[in-house]
Structure formats: structure tokens, C-alpha cells
Colleague: 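Here's a structure for you.
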There are 2 protein chains.
Amino acid sequence: MSLELERERLSAFFQFGQSVDCVVFGFDGVSLQILVIERGAEPFYGAEALPGDLVRIDEDIDKAATRILHDLTGLDNVFLDQLKTFGRVDRHPMGRVVTTAFYSLINQTKYNPRPASWAVKARWKSLAELHEMAFDHRELLETALDALQSQVRQQPIGFELLPEEFTLTQIQNLYEAVLNTQFDKANFRKKILSMGVLKPLDKTEKAVRHRPARLYQFDTQRYHSLSKQGFLFEL
Amino acid sequence: MSLELERERLSAFFQFGQSVDCVVFGFDGVSLQILVIERGAEPFYGAEALPGDLVRIDEDIDKAATRILHDLTGLDNVFLDQLKTFGRVDRHPMGRVVTTAFYSLINQTKYNPRPASWAVKARWKSLAELHEMAFDHRELLETALDALQSQVRQQPIGFELLPEEFTLTQIQNLYEAVLNTQFDKANFRKKILSMGVLKPLDKTEKAVRHRPARLYQFDTQRYHSLSKQGFLFEL
DNA sequence: GCAAAAGTGTTTGATCTACACCCATGA
DNA sequence: TCATGGGTGTAGATCAAACACTTTTGC
């Protein structure tokens, strides 16, 4: 069969729409937050949704995710990890749209969603505040949460959610919020420090009404060199 | 903006092809195997490829994966897990095709790919035997391998690769092949038995020229009841 | 008896858990 | 000086690695 004929026969298949949706996690010091937008177009006009849109026909999916997240929220330089693809026939009321979900952890202090210039309003919401969402976005969100919980224990991605410099208690609070557990303070500290990927700084917190805590930095270089030697971050 | 107008504006986006590709792992007692087919159509006619095809416009992606795997290899009742979606613009020479890869572990003894009736030849190949593959299938395969290696340590999916009844040495060989390591026999046994998900049978191997090994079965029920109590399978 | 693999026990050191205790700061 | 969290030490339990040893089968 010639290429031409084949192409002809296949044309009936080339009618899918492809979209991306981004689950962006943040942490405000107490609870996990998700970046949502208010939809500015049908369907689900005005409903809360994950930032997402249709991919252009000449655009890589990964690049589309980055572009679309930027277009809708102003966020830049965000590392997006692919989560899963959702392809039920009836998931989009306006046609056959397959969506690929991405997720990301960002440092909330670096991004304040108060954009005067963007048409769409983006804002942080805690899990508890989120109820109805457009499309199957609630399902995407749950899937992202599961992925986050299992990834956060095996890779040092939690630090993405914190400011550059942070205290050990901040990390502990973060892990407790994400994994929904409690850790013993002494043991948590010993464990995380024993991995050797935190660089202690000669700085402390300011203006707290108790003994100020030492600040630490995640030591990316050291983590990479340890990784090459077979070291695995865990818990 | 009305729904009609919106639909009109969007039509330019609805020109994607969606395909699925399946990475099916088997184990022959010594090394990990992958089920491949010889392509019967352009492009890459005659080349080795993962079983895969275009999804129909009215078909769920998950269901398409099951159907296509069956059409191409005769395999049935296979649990397919979604792996990742590959969406580079130039990954398919005949148009914009986004593919979603699935993967699965099956018991090789239950499936002998010697189908007289199927047009396409499916066969097992070990990793070492596989070189050139159609499209970006080599990349999909590598991704599946990574996923397999990390999943196999956290969930009791390795048993899918073994016959119903197996010896402890068989499991150990399997784990060593998949993870590409060596385990101490005594310690491996203690660990896997201590999890309490293997049911010892009153049977042994036959026709071996050494002391015959006891046979075991994976105890699915017990695994599920332990899981509910927070038990985690590991290593 | 011998080869070959099945199967078990022990020692040692590392790691985890629980919990008690001391320290530095602001008010 | 008191309240509040920061920060540390230790005993006991649990777990993991290394390795030697015994058992059962076919030939």
C-alpha cells in the first residue's frame, strides 16, 4: 500500500483535540495549595478549573504545557512533570479532547497571582476550599495528589515548595501537610540532616518570639553528586 | 461567545491522531522479555515495533489499548497500566500523532505467540536482542523499563510474570533480572516470607536433579487485607 | 558418596522509635 | 521569669548484611 493511500485511509482518525492541564502545587506554611483559574470561555464559563488549553497542531505537548501555563497565570520557568493522560470519550462536552495532565511544585513566595494584565484570574486555593471543578479536573487533581505523595518521599522535590532558605521545622511542616502525618521532631531532623543534602547557613530566623531557628539551603550540587554514587533520597 | 462560534473557532485544533502502544513484559526464567510485532503497514513496514495502533474517534483510550493489543497479538484479559504520553511534533512521519504508552506484565507460560490466524507476527525478544525499532518505540521501551524497575519494588507486581505456582528461587531470579542486582539467598527469603503474602503449598518441584523446592502462591486476598491495614509491599 | 541447589541460624552493626531534656529569644 | 518553639542525647527495639551451616534429591 502506498503512503498516499494509507494517508487517505487514516484521515478519519485525525480528528482528536489535544489539550494540557497543569496542576500547580504551592505551600503557604500550613497547607497545600493548588493554583486554579476561573474559566473565561465555554464550556464551564466562570467555573474553577486547572490552567489548561488546547495544544496547537504544530506544537510539542511539553512545550504547550509551559506556554499555556504562562499564558494563563504568568508563571515562568516552571518545571512541569507529566502526570497522566485522560482520554475518556465523553470527558469534554464539545468534542473529542484528550488531555495530558502535568504537575509542578512551586515556591509560593515567588509567585503572587495578582495579575492586572491577564484576562483570567488565577488564585491559590487549599484542597479544602476546592469543590466543584470544570471537566474532570477534580479527578486530575486527585491523581496529582497521589503522585505528589509518592514522589515526595523518594525524591527531594519537596524543597521546590519552600523558599530558598528555610528552617527544619518548615520542612517538617511541609512533609506533614503533604503526607498527612506527624513526625517526631528529633528523629525527623536526624534523618533529613543525615542525608547530607542540606547546607546549614550562618543565618537564623528574625523577629520570632522564641529561639530563632537556623536557616538551611537545599544543596543541589551535593545531591547530584551523591545521586551519581547511588544515593537515594528517602522520606 | 456562543457554543457554536466557539466550536467553529476551535476546529483548526481538532486534527490530532491519537494512538496507543503497549509494552508487554514477560519473563522466561532467565531474562526479561518484551513482546514485539513486525509491522505490516507503512511507515516502518517490516520493522520491529511495539504493538500499537490508532485510536478510533469514538473509543476510550484505555479500551483502545486493550482492543489493539488483542487485535495484534491475541492477548486477552491483560491489565494495562498507563505509562506516559509521547507528543513530539515530529514523532510520526505521517502526521501529528500523539501516542499514549501502556505497559503490562504477563505470565509468559500462559501466552505462546504462535498465532496462525493473525496477520501480524508477534514474538518475545529479550532486551539484548532488540536493536532498531519503529518510531520512538525504543524510547517508550526505556521509559517502561524505568517504570517497571521502580514499581516492582513497591508493589507485588512481579508475581504477574511468574506461573501461578513458583519457587522462592524463581522469584529471586526474577527480581535479580528485573533490577539487575544480586540478593543474598537467606536474606531475600526471610524478607519476602516475612511480608506474609506468599502461601506455601504442599507441593514441590518435580524432576530436578537436586533437592526439590517448595512451591508457593501469591496470596492476593491476604495482600489486599494487609494493604487496607496500611501494609506496604517493599523490595 | 558427590554435586547441586534448597533451606536455616547466628552474629554484628546500622537504623528507627520514643521520650526526656536543655537552649535562646521576646515580652 | 515565663511561654514558646529550637535543638540534642540516649536506651531499647527492630531490621539488614554477611556468612556458615544443614538437608534433600538425582545420578
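Just so you know, these numbers come straight off a predicted model, no measurement behind them. The chains referred to below are lettered A, B, ... by the order of the sequence lines, with proteins before strands, and numbering in each begins at 1.
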Colleague: In this structure, which one of B:Thr143, B:Thr99, B:Leu140 forms a side-chain contact (heavy atoms from CB on, under 4.5 Å) with B:Lys84?
Modeller: B:Thr143
Colleague: For B:Val208, run the side-chain contact (heavy atoms from CB on, under 4.5 Å) check against B:Lys206, B:Arg211, B:Glu205 and tell me which one passes.
Modeller: B:Glu205
Colleague: Does the C:dT10 base have a donor-acceptor partner in the side chain of B:Lys190 within less than 3.5 Å?
Modeller: yes
Colleague: How long is the line joining CG of B:Asp184 and C1' of C:dG9, in whole Å?
Modeller: 12 Å
Colleague: What nucleotide, of C:dT25, C:dA5, C:dG7, holds the atom closest to the side chain of A:His210?
Modeller: C:dT25
Colleague: Check if the side chain of A:Asn187 and the base of C:dA18 share a donor-acceptor pair of N or O atoms closer than 3.5 Å.
Modeller: yes
Colleague: Do A:Arg211 side-chain and C:dC23 base share a donor-acceptor contact under 3.5 Å?
Modeller: yes
Colleague: Give a yes-or-no answer on whether the side chains of A:Arg189 and A:Thr169 include a donor-acceptor pair shorter than 3.5 Å.
Modeller: yes
Colleague: Return the value, rounded to whole Å, for the distance between atom CD of A:Gln172 and atom P of D:dG6.
Modeller: 9 Å
Colleague: Can you check the A:Met195 CE to C:dC16 P distance for me, whole Å?
Modeller: 10 Å
Colleague: Take atom CZ of A:Arg189 and atom P of C:dC19, then tell me their distance rounded to the nearest Å.
Modeller: 19 Å
Colleague: Which heavy atom in B:Arg39 sits nearest to a heavy atom in B:Ala49, and how many Å separate them?
Modeller: CG-CB, 3.7 Å
Colleague: Tell me whether the side-chain N/O atoms of B:Lys191 come closer than 4.0 Å to OP1 or OP2 in D:dA16.
Modeller: yes
Colleague: Considering every strand and a 4.0 Å limit on heavy-atom distances, what is the contact class for A:Ala213: base, sugar-phosphate, or nothing?
Modeller: sugar-phosphate
Colleague: In whole angstrom, give the distance that lies between atom CZ of A:Phe183 and atom P of C:dC16.
Modeller: 12 Å
Colleague: Determine: side-chain N/O of B:Thr169 to OP1/OP2 of C:dA6, distance under 4.0 Å, yes or no.
Modeller: yes
Colleague: Grab the CD1-C1' distance between A:Ile171 and D:dG6 for me, whole Å please.
Modeller: 14 Å
Colleague: In whole angstrom, give the distance that lies between atom CG of A:Leu235 and atom P of C:dT17.
Modeller: 9 Å
Colleague: For B:Thr85, does its backbone N or O pair with a side-chain atom of B:Thr100 as donor and acceptor, under 3.5 Å?
Modeller: no
Colleague: Quick one: A:Phe188 CZ to C:dA18 P, roughly how many Å, whole number?
Modeller: 16 Å
Colleague: Check whether the side chain of B:Lys185 and the base of C:dA6 form a donor-acceptor pair under 3.5 Å.
Modeller: yes
Colleague: At less than 4.0 Å, is any side-chain N or O atom of B:Arg209 found next to OP1 or OP2 of C:dA4? Yes or no.
Modeller: no
